[in-house]
Participant: 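This structure is in C-alpha cells; I'll ask about it shortly.
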Number of protein chains: 2
Amino acid sequence: MDRASAIQQRERAFAEALKADGLRMTHQRLEVIRELARATHHPGADDIHRAVRERVPTISLDTVYRTLAALAARGLIERIAAPGAARFDPNVSGHHHFVCMRCGRVEDLDAGDVAPVAVPPEAARLGTVTFVRVEMTGLCNDCAAGGPH
Amino acid sequence: MDRASAIQQRERAFAEALKADGLRMTHQRLEVIRELARATHHPGADDIHRAVRERVPTISLDTVYRTLAALAARGLIERIAAPGAARFDPNVSGHHHFVCMRCGRVEDLDAGDVAPVAVPPEAARLGTVTFVRVEMTGLCNDCAAGGPH
DNA sequence: GTTACTGCAAACTTTTTGCACGACA
DNA sequence: TGTCGTGCAAAAAGTTTGCAGTAAC
C-alpha cells in the first residue's frame, strides 16, 4: 500500500469511528481528521490549528482541541505529554519514539527496528501494563547543527 | 549502602554541584534539595512546595521552580513531561518508568529488571541518542481498584 | 558592602468550560 | 426541527518573569 492510500484509509477510519458513535461529520472535524491522517511528525494542537486554518480560516483552536479529545478518548490517536505543549500521535500501532531534548520534536521508530521489551514481574506488581514504548532521548541532527536556540 | 546514607550522599552531591557553579546555598534551596534527595516517587513542583512549606512556611512556589530549573539545567535531576504538570526525577541513573494513564503517577523500574535496549541505526540516523528509557503505560493498582475518578 | 536570591504580583501559555448562535441529520 | 457542534470569551492550571527588598558571601 502506498503512502497516499494509507493516509486515505486512516482518514476514513477516523471518520467512521466518530460517525459510528453518533458524532456529526462537520466541515471542521473532517479537516482536523484530514490533517492528522497525513501527519508524519507529531503535531501539537496549535500546529493542527494553523494548518487547518489555511483551508477553514474561521476554525477556532477550541474546536481543534475538542476534536483531538474525541479521537483520543476513542483510542484513535494518542496524546503524548511533551515539554511545553502536548503532541498528538495519529499512529497507534506499536512503535517507538526519538525525542529531541532541545526542540521537543518526536520522530517515530518502527517497532521492528527495536528489540521487543518484556514486561518484568516488578512492573506487573505495580499495575496492568497496557503498552510498552521505548523513548530514545537525545539531540536531533537539526539542533546538533546549531538550530534555533 | 543503606537508604539513609544514599539520600544524604545525593543531597550533598546536589548542593556541591550548585556551589561549584557559584550559586549561593540558601535555606530555601537546601530544603528543596533535601526534599528531592529523599523523594522515591516523582514529585511535581507543587508536591515539593507543599512538603518544604512544612519546614519553611514562607517559601514561594517560584523559588521551588527556580531551584528545580537550576538542578535540571545541570542534569542533576530530570524533568519528565507528564499529563497535567511536569514531574521531576531525582534519579538520573538508568532506570525505567511505569506510568499510570489515569492518575499520572510515575513509578521507577530498576534498569536491571528490564532487558537492555539497543539503539538501532534508524535512531542514530535521526540524531544522537543520549539515553534510552522504557515507558510501561497502564493502570496502577490503586486506580484499577476504583480510585478517585 | 556587593551581588545574587527571594517573595510578591502579574504576565504568559496551554487547555478547558459556559453560553448563545448556527449547522448537521 | 431538534439537537449537537461551533466560536467567542472567560476561566483554570502550570510556569515564567520584573521588581524591590533581603540575605549570602
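In what follows, chains are A, B, ... by sequence order, proteins preceding strands, each numbered from 1.
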Participant: Nearest whole angstrom, please: distance from the P of C:dA25 to the NZ of A:Lys19.
Facilitator: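 Rounded to the whole Å, the gap is 8 Å.
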
Participant: Applying a 4.0 Å non-hydrogen cut-off, can you work out what B:Ala69 is touching in the nucleic acid: base, sugar-phosphate, or nothing?
Facilitator: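 The answer is nothing, as B:Ala69 stays clear of every strand by at least 4.0 Å.
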
Participant: Provide, to the nearest angstrom, the distance between the CZ atom belonging to B:Arg87 and the P atom belonging to D:dG14.
Facilitator: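 Between P of D:dG14 and CZ of B:Arg87: 11 Å.
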
Participant: Looking at C:dT16, D:dC8, C:dG7, which one has an atom nearest to any side-chain atom of A:Arg79?
Facilitator: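 Of the options given, the side chain of A:Arg79 lies nearest C:dT16.
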
Participant: Rounding to a whole Å, what distance do you find between B:Leu61:CG and C:dA9:P?
Facilitator: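 Taking atom P of C:dA9 as the reference, CG of B:Leu61 is at 14 Å.
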
Participant: Could you work out which one of C:dG7, D:dT15, D:dG7 sits closest to the side chain of B:Ala45?
Facilitator: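 So the nucleotide nearest the side chain must be D:dT15.
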
Participant: Report which part of the nucleic acid B:Arg29 touches: base, sugar-phosphate, or nothing (heavy-atom distance under 4.0 Å, all strands).
Facilitator: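 Result for B:Arg29 = sugar-phosphate.
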
Participant: Would you kindly give the CG-to-C1' distance between A:Asp62 and C:dG18, to the nearest whole Å?
Facilitator: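 From A:Asp62 CG to C:dG18 C1': 12 Å.
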
Participant: Looking only at side-chain N and O atoms, does B:Tyr65 come under 4.0 Å of OP1 or OP2 in D:dT15?
Facilitator: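 True: B:Tyr65 side-chain N/O within range (under 4.0 Å) of D:dT15 OP1/OP2.
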
Participant: So if I take every side-chain heavy atom of B:Ala86 and compare against D:dG7, D:dT15, D:dT3, which nucleotide ends up nearest?
Facilitator: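 Minimum distance to the B:Ala86 side chain belongs to D:dT15.
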
Participant: If the cut-off is 4.0 Å, is A:Thr63 near the phosphate of D:dG5, judged by side-chain N/O to OP1 or OP2?
Facilitator: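 The answer is no; no side-chain N or O of A:Thr63 sits under 4.0 Å from OP1 or OP2.
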
Participant: Atom CG of A:Leu18 to atom C1' of C:dC24: distance rounded to whole Å?
Facilitator: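 It works out to 15 Å between those atoms.
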
Participant: How many angstroms lie between atom CE of B:Met25 and atom CD1 of B:Ile33, to the nearest 0.5 angstrom?
Facilitator: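 So the CE of B:Met25 and the CD1 of B:Ile33 are separated by 4.0 Å.
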
Participant: Can you confirm whether the side chains of A:His42 and A:Asp47 place a donor and an acceptor under 3.5 Å from each other?
Facilitator: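 Per modelled atom types, A:His42 and A:Asp47 side chains form no pair under 3.5 Å.
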
Participant: Rounded off to whole Å, could you give me the CD-to-C1' distance for the A:Gln28 and D:dG5 pair?
Facilitator: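 Rounded to the whole Å, the gap is 8 Å.
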
Participant: Map B:Arg66 and B:Ala85 onto DNA chain D by nearest heavy atom, then report which one ends up closer to the 5' terminus.
Facilitator: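 Its nearest nucleotide being more 5', the pick is B:Ala85.
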
Participant: How many whole angstroms separate atom NE2 of A:His49 from atom P of C:dT13?
Facilitator: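 From A:His49 NE2 to C:dT13 P: 16 Å.
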
Participant: Does the side chain of A:Gln28 come within less than 4.5 Å of A:Thr67's, by heavy atoms?
Facilitator: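 Not touching, per the 4.5 Å side-chain cut-off.
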
Participant: Expressed in angstrom and rounded to an integer, what is the separation of B:Arg53 atom CZ from C:dC8 atom P?
Facilitator: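 Whole-Å distance recorded here is 10 Å.
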
Participant: Go through the structure and list residues passing ring-ring contact (aromatic ring centres under 6.0 Å, His included) with B:His95, not counting sequence neighbours.
Facilitator: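 Partners of B:His95 by the ring-ring contact (aromatic ring centres under 6.0 Å, His included) criterion, ordered by chain and then number, come out as B:His97.
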
Participant: Look at all strands and tell whether B:Thr26 reaches a base, only sugar-phosphate, or nothing, counting heavy atoms closer than 4.0 Å.
Facilitator: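 Sugar-phosphate contact only - B:Thr26 comes under 4.0 Å of backbone atoms but never of a base.
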
Participant: Going through the checks in order, is the salt bridge (charged side-chain N to carboxylate O under 4.0 Å, His left out) test met by B:Glu11 and B:Arg34?
Facilitator: CA-CA 6 Å; B:Glu11 187 180 323; B:Arg34 187 161 296 162; 3.0 Å; yes

Participant: Could you check B:Ile59 against B:Arg24 and say which one's nearest nucleotide on DNA chain C is further toward the 5' end?
Facilitator: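 Counting from the 5' end, the first nearest nucleotide belongs to B:Arg24.
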
Participant: What contact category does A:Gly84 fall into here, base, sugar-phosphate, or nothing, at under 4.0 angstrom with non-hydrogen atoms?
Facilitator: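 Sugar-phosphate, backbone atoms only, no base.
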
